[in-house]
Amino acid sequence: MANQDAPILYGLMAELPSAQALTDAAAKVHAAGYREVDAYSPFPIEAVSEIVCDHKRSVMPKIVLAGGLLGLLGGFGLEYWAAVIKYPLNIGGRPFFSWPSFIIPAYECTILGASLAGVFGMLFVNGLPSPYHPVFNVPRFQAASRDGFFLVIKSKDKKFDRTAAKSFLEGIGASEVFDVEY
Amino acid sequence: MAQLFSRSANTIAKASIYGGAVVAAALGWLVVEAIPRSSYATGKTVVYKQPVPFSHDHHTAGLGIDCRYCHTSVEESAFAGIPPVSTCMNCHKNIWTNAELLEPIRESYRTGVPVQWRRINDLPDFVYFNHSIHVAKGVSCYTCHGPINEMPLVYQHATLQMEWCLSCHRNPEQFVRPRDQVFNWDYEPEGSQEAVGAKLVQEYQIQKLENCSTCHR
Amino acid sequence: MGSPHMGSPEMGWNEQQESPREAGAPGLDLAQVREKLAAAEGPEYWRSIEELADTPEFRDMVHREFPRQASEWPEGVSRRGFLELSAASLALAGLTACTRQPEEKIVPYVRQPEELVPGRPLFYATSMELAGDSLGVLVESHMGRPTKVEGNPEHPASLGATDVFAQASILGLYDPDRSQSVTHLERIATWGDFSTALLGRIQALKALQGEGLRILTQTVLSPTLAAQIEDVLARLPKARWHQWEAAGAHSARAAARAAFGADAAIRYDFAKADVVVALDADFLTSGPGWVRHARAFAGRRKAAWKKGEAKMNRLYAVESSPTVTSTQADHRLALPPQGVAAFAASLAAAVGVPGAAAGDLGAFAQAASWVAAVAEDLKAHRGASIVIAGDCAPPELHVLAHALNEALGNAGATVLYTEPVEARAEDQIASIRGLTEDMRAGKVDTLLILGGNPVYDAPADLGFAEALLKVPFRAHLSMHRDETTAWCPWHLPASHFLEAWSDTRCFDGTAAVVQPLIEPLYPSAKSAHEVMALLGATTDATGYELVRGHWQRTVLAGAGAGFEAAWRKAVHDGVAGVGAAASKAVPVAADAVARACAAARESGGGMALLFRPDPGLYDGRFANNGWLQEVPRPLTKLTWDNALLLSPREAEKLGLATESIAEVAAGGKKLALPVWVLPGHAEGCATVHLGWGRSRAGKVGSGVGVDVYPLRTSAALWQAGGVTITKGSGEHTLASAQTHQDIELQTREATKRHLVRHGTVEQFEKNPHFVGEMGHHTPAADETMYPPHAYNGYSWGLAIDLSSCVGCNACVVACQSENNIPVVGKEQVAGAREMHWIRIDRYFQGDLDDPAVHMQPVMCMHCELAPCEVVCPVAATVHGPEGLNEMVYNRCVGTRYCSNNCPYKVRRFNFLLYSDFETEVLRMAKNPDVTIRSRGVMEKCTYCVQRINLARIDAKREGRKIKDGEVVTACQQACPAEAIVFGDLNDAGSEVNSWKASELNYGLLDDLNTRPRTTYLAKLSNPNPALGGGAAHSSGHEGDH
Amino acid sequence: MAMLEASADRYDRPPVVGSPHDAATVTDQVSNIVYGRTPLWWLGTFAVAFSIFGVMTISIFWLLIKGTGIWGINVPVGWGFAIINFVWWIGIGHAGTLISAILLLLRQEWRTSINRFAEAMTLFAVACAGLFPLLHTGRPWLGYWLLPIPNTMGMWPNFRSPLIWDVFAVTTYATVSALFWFTGLIPDLATFRDHAKNKLARTIYGIASMGWRGSARHWHNYESVYLLLAGLSTPLVLSVHTVVSFDFAMSIVPGWHTTIFPPYFVAGAVYAGFAMVLTLVIPLRPLFKIQDLITERHLQNMAKVMLVTGLIVAYGYAMELFVGWYSGHHAEKFMLENRITGPYWPIWWSLILFNVAIPQLLWAKRNRTSPMALFAISMSINVGMWLERFVIVATSLHRDYLVSSWDMYTPTKWDWGLYLGTIGFFLTLMLLFIRYLPMIAIFEMRTLTPGAKVKHPETHAKAH
């Protein structure tokens, strides 16, 4: 537990020299049993994501599938309802339920539904937009969008102890360790 | 770098997204649903000033004059017919002969310059409605014009929108009456309208005409 | 709608007198309109005489601009501000379902006429006169507003059919450019002023017994008017009455005098004629009684497939300028004028006409063999044949025709002679010449010109206009302020025939009352009767009193006490009911034939220029009628222009091509005209049409085309010899409704695709199924993935008999009038944007120097599997339960996809704002039962759905089914040849089914599996084996595979 | 996505990224284009492009005032420039999606430096394309009737009409492309947020980047969605031009009614698209000195794609001729004869020249490696593809079944005005894009730098 007189921390941030270093560090932190951990890099590093996310698969595929199905049913349903139930019209001698023609709009709706679900789902799951975030309090963090690699152990982690964590991070090759304040 | 945004930014950002969605939905509802069906757009129930404040309430409900006394061609023509001033004068030669209200009528009768009434139930020029066939198939005045017999000043009873026409053209049984009851303001169906209607639809061979050229040509 | 209206026609008239009111739209209040029009300043037309006389610039084709109507701006809007227009186009957005209605007023009658049911039309019988002939019509009137002209089934000249001119007369009535007031020296005056001036004049003349008073009319058919004039002449013996009809029957009159020594009217009975020989005769679309002739002739063409009727007739056409009639011919021989004359002489000789001497046919191949064959055929049909010479043929041809008919025993059988129908038959050429000479000699003091436009159309050699200036008192009665008006100090606005009482007689002598449908739109418009009444002895002033009085004294004198009833009946029926004129025997004088043959031999060689009345503008009187300007001429498909018609060979020789400018010189005068190469035209001659190049026709007609009257002399009214044609400089775009490029390629492809299927009677009898065997595989009804939609109740269909259709265009204009189809102007037609719902496709077939010509009316086919419907994104065109292909204008967004996907290209698109929403008076011409289409929407033939709906509603109200023939489409009703039939395909007994049952029945492009509801009966011809089949015999088998 | 395997090259091809580059240098080089001062040539071209854009505005205004009659269309040729340009533009759009989606799935890492640019091009091309179907209608203000919106008429669109399919396909395509593009932008916007020079810029980019901070957890979902979007865009892009081709193929017009259209339209689209990418990229490389990011190899690969798709298109033409003849149908046969020898023969022959003959030069490596030559060839293809659409639309319609209705189609100045105007519109948008947004996907470029190669820690492997 963090001692009272210290300021309330969001966590500790370690800067690491390279992508490789970040990966190794992440692995070590995970091995050490820290779970409330996040890593920051200017480009995606699969290994790091895997470790940080504790090898859980992303939920995105399910969301996208749901969106797609919704689009498909919605689209085809609308066509059927409009052309067969609501206002059936003899058009060029074709049957009211001209399903071959209905396939195309339904198909497009499927893709539209899936894509919308994907993008907005991703933003939602990632808790974006969040223009304000504690990590931005660390001036050095701006490098994260250029060439900086960072690892954060959050204070809410059960094992979190400021001094212990600090020394641990320094131990695993952090070039520097910062306090991340709320 | 220092924080670019304040803490509140997060809430604002999220709110603006959800808020935006709500506003868009509201606008959509207004444009698609509310405004087109408003009396502003349809003219429904709006009362207009007429050269003479003719009261159907007085003449029909009060004096019990039959619709066809004035609207002579309603049974044989597309146009129900607006009575010529001479029709008014049939009675008003003798009664209310110097009522101030009726001066425009008398003047018209003298000068031969017709009275110009404000049209109330007005369809677009590309819609062709025929009174005679509706009357012949048991559609009452009331069905479209509402309680016009009790209107001191005539107003539009229905929206006169296509969906409204279709509602009856698709389910005539919910509206038709026996032919002899078409002009009867106190008509009550014997039994449920559905039952009576269904029978009449059979009897009068009422078609459910939904195709475009029924009204548009 | 057949029978003339219910109730008394006079009630109808009286009702008109107290300005009827249209319920609903305020714009349609006649009184308002009349006030507006009266208030409006007449267009300022006055130019100095010098400027007028300086005609060349009027005639200069090359620098002529298009008629204003042709601009992208709809007429009337062109002068408006930009913003106003943008407002207008935004207003068009208003034509949707979800915008507010504009405020509207209802204007009921003050006193409603008894027989009038608001919202239902009334029909009145009357007659329309045209150049010495008249046609009985029924006019549809909506709330006192004439909107449509139909034929009068009880009138012998019509039998229910009409022609282009009658159909277009409605637009003539509402012509915004009509003259609106009496003027003296271009200043507004009154009838009072005029009658004072005139009567003053007459007082002075009384002493001289009317010496110096002259009255110039066109051919007068009206017994009443004639009586009025005669009455004046009786009281002023030295006064003279002259007649001039530019495109009148001059040759026929001369010939009658030469042959019979007396005037006579000729009546033909084509129903009885097995063999017809037409000598330069276009009897199927022109000449007295042509509507009736077309009906009778077509009856004999149908005989080929209508079982149990007389057998099919045979037509030989010998002519110089291709005529619509010759497209029906089984054999056609194109010869220059002298050739035709020689042919006639030789034929007379071959048939054995006493005194006939064969002409010299050496120069013309075929001709000799023709003479023999035709003579044989004629002799084989004595008493059952007709030899007819056309109005434009020289007198000698008429004489020979008379002689032939006499020799063949046709006279009295198929050809009847009666007393002249016109009030006073006279040599009009002499008449107008006499007048002109007297004017020049200063012998004329007062000249009343009642109708006509002599300054424009009098023979050029007379110098009428200049002579006219020598007349101190000149007054001109006319509907427009035209060329003659400009030369007359007094102008008197004339009423339209739908506005005034009169009477007339038709080709067979039947008398008819001309009954007005509406009070004159312009109060000061008067009829010739009313003008003559100023000079009259009687107190009768109104046309009504005059006509009624005259009929009481003469036509219906027999009725005695029963006159009132007889008169009412006559007015109601549109015919007097006293029958046609009795026929008389008129022997042909022996020496006449010899003289005719001599004349034929003398008729000079060299290049001849043929003058013909225009199929649209006639002699020029219809120049300001947009419908007639835009109706595609039957053979050339030209609109908004006349041209010099040349045969392909001739054009090649002269180094001329279509649209290049040619200079035509005759009698020292020279004209520049654009050329139109017309396959089938005879060599050694060229054709021009009269009636164009009007300088004072109005907004629509002024400056359109070239005026060819300057080349037309009294000596050569119909054909001028010794003409020189040379290549001029420049080009002139001609607007043709059917593209003229690659005509050979078109011919080839059209034949390959079996668009017009045709064959000979012989072929048909040998193999009744030959039509079905033509063309490409048509999928059977069950060759489909989809379950077909059932059409219980009615199932409408239409059939067209190609053997009957002569391509006269009556249907085209009838459709335009019935369905509010706009006029688009030359530029748009040239850009392939004409709006006619029916177009009459013209195909050449065979050798382009002597092709067979086929006419095929094409309108929406109402395909059961319509390609247009499937592709419309908004379902603006769908199929109705009665099989109609419905076009919903107000739903259309205008993607034009339907038009692209229509193999028949019968859909028409409003690329610009074509309909005139601006001009008040034109709105009155519109049919209230049909939506007026605005910019950006598609439209097409609806099978006259408004008529179907009305019939259905009436039938339902009476609890019955629609009877066969109860619904008649506008085109069917107008058709003189009964080539179109419409009806219910579910009604086994319907006429349309009996037509479609014929083996000749085929669907256009039906190999596309569109299942058209409009089908065609293949065209049959009846060639003479002795002439090796003839033109139509090469029945398009080239392309077969 | 898999950028883990080395980009060091196994073949003797120029590398995807010119060395020496690391995450920092890549970032700075691309960012500096945006941070830097506006180059003069940019101002010049923008002025020109913007004034051409003005022509479009005028043409549209006049069109709305007077109606489609100001164009050369008529009956029989009811469709003219509007539809030709629509198909042309939408075709051009396709390259973007293809590069960013299909090449991504095919793990073609060379796509990385051009995909952002190509996607932008897609977006703007679709914007131009989208104008035409709406404007070409007689009453554009009723365009919303093509959408399934509830209304007081109780009417719905006709879902059997290929035009409605178009509406669905094109709107979907526009939306998905925009989403895809924006998703890709987020991390780079974050970069600008953190490094842009002035506060305002930082704030704007900050809002747009929605607080992206490169969290591993975010990358996790981000990568998964990005890949899924790619997976969705691929069938989408194929469907879009298929549907566009249905506008013709579903009709019965000779020259339209043919089954070869869908594949050959799609191929044509890719063909045109790559041509347009090259047309734009070749001048931009020297201007922004990014030859080491968009390298010779990119040009070569694109050249190869063009060669292949070009051959498919040529095959399409051949099949059209063959099937037309083989069908034995009078109208089909005549249509071919008319295209080749009819009044529009020069157009058909120049189409063959520009679209089939000239592109054969790509067989020669010399031409594939010479930017100048490539530029010339792409221009020829841009023109050729436009002519192809003209041939399909105009020459099929002007002489169809009924001989009597044959006529000619001649475009007016307003047809040209609107067409050129949209080119101005397109260039304007392009210029704004390259000036204010990262025209190269920075974060993806970083993954190509040597420093991005990561070995999976065995420590961690042991832990399991």
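None of the values given here were measured: they were computed from a predicted structure. The sequence lines fix the lettering, A, B, ..., with proteins before strands; numbering per chain opens at 1. Below, each value reflects all heavy atoms present in this structure, side chains not excepted, and no hydrogens, waters or symmetry copies.
- When each of A:C53, A:A39, A:P131 is checked for heavy-atom pairs under 4.5 Å with chain D, A:A39 comes out on top.
- Using cut-offs of 30° and 60° for the angle between ring planes, the A:F168 and A:Y34 rings count as tilted.
- Between D:F265 and D:H241, the ring-plane angle classifies as tilted under the 30° and 60° cut-offs.
- Note on ring orientation: taking the six-membered ring where Trp is involved, the planes of D:W219 and D:W212 are perpendicular (angle over 60°, cut-offs 30° and 60°).
- Around NE2 of A:H133, the count of heavy atoms belonging to other residues, nucleotides or ligands within 6.0 Å exceeds 12.
- Residue contact with chain D, scored on non-hydrogen atoms closer than 4.5 Å, involves the backbone and the side chain of A:L116 alike.
- Residue with the most contacts toward chain D among A:R146, A:Q20, A:M60: A:R146 (heavy-atom pairs, distance under 4.5 Å).
- A salt bridge does not link A:E176 with A:R140: none of the charged nitrogens is closer than 4.0 Å to a carboxylate oxygen.
- For A:F120, the part lying under 4.5 angstrom from a heavy atom of chain D is the side chain only.
- Both the backbone and the side chain of A:V52 come within less than 4.5 Å of a heavy atom in chain D.
- Most heavy-atom pairs under 4.5 Å with chain D: of the set A:A144, A:A83, A:A82, A:S18, this distinction falls to A:A82.
- Comparing A:V135, A:I91, A:V125 by how many heavy-atom pairs each has under 4.5 Å with chain D, the most go to A:I91.
- With a 4.5 Å cut-off on non-hydrogen atoms, D:F246 touches chain A through its side chain but not through its backbone.
- For A:S130, the parts lying near chain D are the backbone and the side chain together; criterion is any non-hydrogen pair under 4.5 Å.
- Chosen from A:A26, A:S41, A:A19, the residue pairing most often with chain D at heavy-atom distances under 4.5 Å is A:S41.
- Within a 6.0 Å radius of NZ in A:K159, more than 12 heavy atoms belonging to other residues, nucleotides or ligands are found.
- With a threshold of 4.5 angstrom between heavy atoms, D:P235 approaches chain A through its backbone and through its side chain.
- Under 4.0 Å is where a charged nitrogen must lie from a carboxylate oxygen, and between D:D194 and D:R202 no such pair does.
- In A:F124, the CZ atom is not crowded: 12 or fewer heavy atoms of neighbouring residues, nucleotides or ligands sit closer than 6.0 Å.
- Considering only heavy-atom pairs separated by less than 4.5 Å from chain A, the leading option among D:L232, D:V243, D:T27 is D:L232.
- The contact between D:T183 and chain A is made entirely by side chain atoms (from C-beta outward), counting heavy-atom distances below 4.5 Å.
- In terms of heavy-atom pairs under 4.5 Å with chain D, the best-connected choice from A:D38, A:V119, A:I111, A:V37 is A:D38.
- Ring geometry for A:H55 against A:H30 counts as perpendicular: the plane angle is over 60°, on a 0 to 90° scale with 30° as the lower cut.
- For D:L236, the parts lying under 4.5 angstrom from a heavy atom of chain A are both the backbone and the side chain.
- Proximity to chain D is limited to the side chain of A:Y107, based on heavy atoms less than 4.5 angstrom apart.
- In this structure the side chain of A:Y87 reaches within 4.5 angstrom of the side chain of D:M155, judged on heavy atoms.
- At a 4.5 Å heavy-atom cutoff, A:V152 makes no contact with chain D through either its backbone or its side chain.
- Contact of A:P61 with chain D is made through backbone and side chain together, with heavy-atom distances under 4.5 Å.
- At a 4.5 Å heavy-atom cutoff, D:I442 makes no contact with chain A through either its backbone or its side chain.
- Within the 4.5 angstrom heavy-atom criterion, only side-chain atoms of A:W81, from C-beta onward, approach chain D.
- A salt bridge does not link D:R116 to D:E444: none of the charged side-chain nitrogens sits closer than 4.0 Å to a carboxylate oxygen.
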